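Here is the structure we will look at, set down as C-alpha cells.
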Number of protein chains: 2
Amino acid sequence: MPTPHYGLPRYRVIAEELRGRIRSRAIDQLMPTETVLMQEFSASRGTVRQALAVLREEGLIATAPGRGSYVREAHNESHVRKREDEVFAPSDLAELFGLPQGARLRVNETIVLRAGAAHTVTRVYRRLSDQGPC
Amino acid sequence: MPTPHYGLPRYRVIAEELRGRIRSRAIDQLMPTETVLMQEFSASRGTVRQALAVLREEGLIATAPGRGSYVREAHNESHVRKREDEVFAPSDLAELFGLPQGARLRVNETIVLRAGAAHTVTRVYRRLSDQGPC
DNA sequence: AGAAATTTGTCCGTATGTATC
DNA sequence: AGATACATACGGACAAATTTC
C-alpha cells in the first residue's frame with residue numbers, strides 16, 4: 001500500500017476515533033493493546049503508536065511499559081486543546097509590538113476544557129518574524 | 001545493528017546534545033536538516049525525528065514542512081510586565097467558556113519586553129468565579 | 001521463584017506524499 | 001520544474017517491563 005494521506009493522516013483518524021470512545025466511556029479503564037488496534041484499523045504499529053502519542057500529549061491517556069494505556073480519569077473531563085494560528089493584531093497588541101495597524105501576529109492558544117466548557121484559555125502572541133517558522 | 005539501549009536511549013542522547021547546542025547558541029536559528037543529523041549521529045531518520053520531537057515538546061524548536069527546524073527559545077535578559085484585569089468577553093471566548101454575551105472574564109497578562117517592544121504577550125483568561133492559578 | 005507469554009519501548013531500513021525553496 | 005526537507009506509513013527486529021502460569 002502506498003502512503004496516501006490526502007485528507008487527515010491515518011494516525012489522526014485513529015486518534016479521533018479513540019478520543020470519541022474515551023469520551024463516551026466505551027473504554028472504561030484499559031485501552032486495547034497496540035496489537036489489537038493494529039488489527040482493528042489495519043495499520044502498522046508505528047501508526048497506532050503515533051495515534052496514541054496524540055492522546056497522550058492531550059493528557060487523555062497514560063501509558064506504562066509492559067502494561068498498556070489507561071484512560072486518565074482525572075483528565076477525562078479535563079483535557080487540553082492546542083492550536084497555532086495567525087491573526088490580525090488588534091490595535092492594543094499592535095502598539096505593544098511596535099507594529100503598524102493591520103499587521104499579523106502568530107498566536108498559540110491552549111484551551112483547558114472541563115466538563116465541556118473552557119476552564120482557562122491561554123493565548124501567546126508573537127511576531128511572525130520572531131523565531132520559529134512563519 | 002541490534003538495539004542496545006542500556007543507558008539512555010539514543011534519541012535521548014541526541015536530544016541532550018542538541019539541547020546543549022541550542023543553549024550555547026552554536027545553532028543560531030536554523031537547525032541542521034534531519035539528513036545531516038542522521039549522518040552526524042549515524043542514526044536512522046526515525047531516531048533523529050524522535051529526538052527532535054523531544055525538543056519540540058519542550059518548546060525549544062519549531063518545525064515546518066519543507067523548511068526545517070528553527071530554534072525557538074526566549075533566552076536573554078528581558079523585562080517582564082504583568083497585570084491583572086477584568087474584561088468583557090469577546091464572543092468567541094464567551095462561547096468557549098459557556099457564558100452569555102457580555103459576561104466578564106479575568107485576564108492575566110504577561111508581557112515580555114525586548115528592546116522596548118513586546119517580544120511575547122501571554123494572556124490567560126479565566127472565569128471570575130475561579131480563584132487563583134490552575 | 002522461575003519461565004513463558006504479553007505488552008510497550010527503541011531502532012533500523014525503505015518508500016512515498018506534501019510543502020517549500 | 002527540479003531539488004531539498006519534513007510528514008506519513010509500512011515492515012522487521014530486538015530490549016525491557018509486566019503479567020501470567
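Below, chains carry the letters A, B, ... as their sequence lines are ordered, and counting in each starts from 1. Just so we're clear, the structure is a prediction, and the values are computed from it rather than from any experiment.
- Shortest non-hydrogen contact noted between A:R127 and B:A118 is NH1-O, 3.3 Å.
- When the C1' atoms of four end pairs are superposed on the next four at each end of the helix from C:dG2-D:dC21 to C:dC21-D:dG2, using five pairs per end, the two resulting axes differ in direction by 10°, to 10°.
- At whole-Å resolution of the value, CD in B:Q50 and C1' in C:dC12 are 12 Å apart.
- Counting only N and O atoms by type, the side chains of B:T63 and B:S69 include a donor and acceptor under 3.5 Å apart.
- Rounded to whole angstrom, the span from the CD1 atom of B:I14 across to the C1' atom of C:dT10 amounts to 12 Å.
- Between A:R10 and A:A43, the shortest heavy-atom contact is NH2-CB, 3.4 Å.
- B:R56 places its CZ atom 13 Å from the C1' atom of D:dA5, with the value rounded to the nearest Å.
- The distance from atom OH of A:Y70 to atom C1' of D:dA17 is 12 Å, rounded to the nearest whole Å.
- In the hydrophobic cluster analysis, where Ile, Leu, Val, Met, Phe, Trp and Tyr join through side-chain heavy atoms closer than 4.5 angstrom, A:V54 is grouped apart from A:V112.
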Atom pairs under 3.5 Å, N or O on each side, protein against nucleotides 3-8 of chain C: can you list them with distances?
from, atom 1, to, atom 2, distance (Å)
C:dT8, OP2, A:E34, N, 3.0
C:dT8, O4', A:G66, N, 3.3

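- Scanning both residues, B:R126 and B:L105, for their nearest heavy atoms gives O-CD2, 3.4 Å.
- As rounded to whole Å, 13 Å separates atom C1' of D:dT4 from atom CD of B:Q39.
- A 4.5 Å side-chain heavy-atom check between B:V13 and B:E17 finds every atom pair outside the cut-off.
- Remark: the backbone N or O of B:G7 is not paired with any side-chain donor or acceptor of B:R12 at under 3.5 angstrom.
- Regarding contacts with the backbone of C:dC11, every side-chain N or O of B:Y11 stays at 4.0 angstrom or more from both OP1 and OP2.
- When hydrophobic residues (I, L, V, M, F, W, Y) are linked wherever their side-chain heavy atoms come within less than 4.5 Å, B:V124 remains an isolated member.
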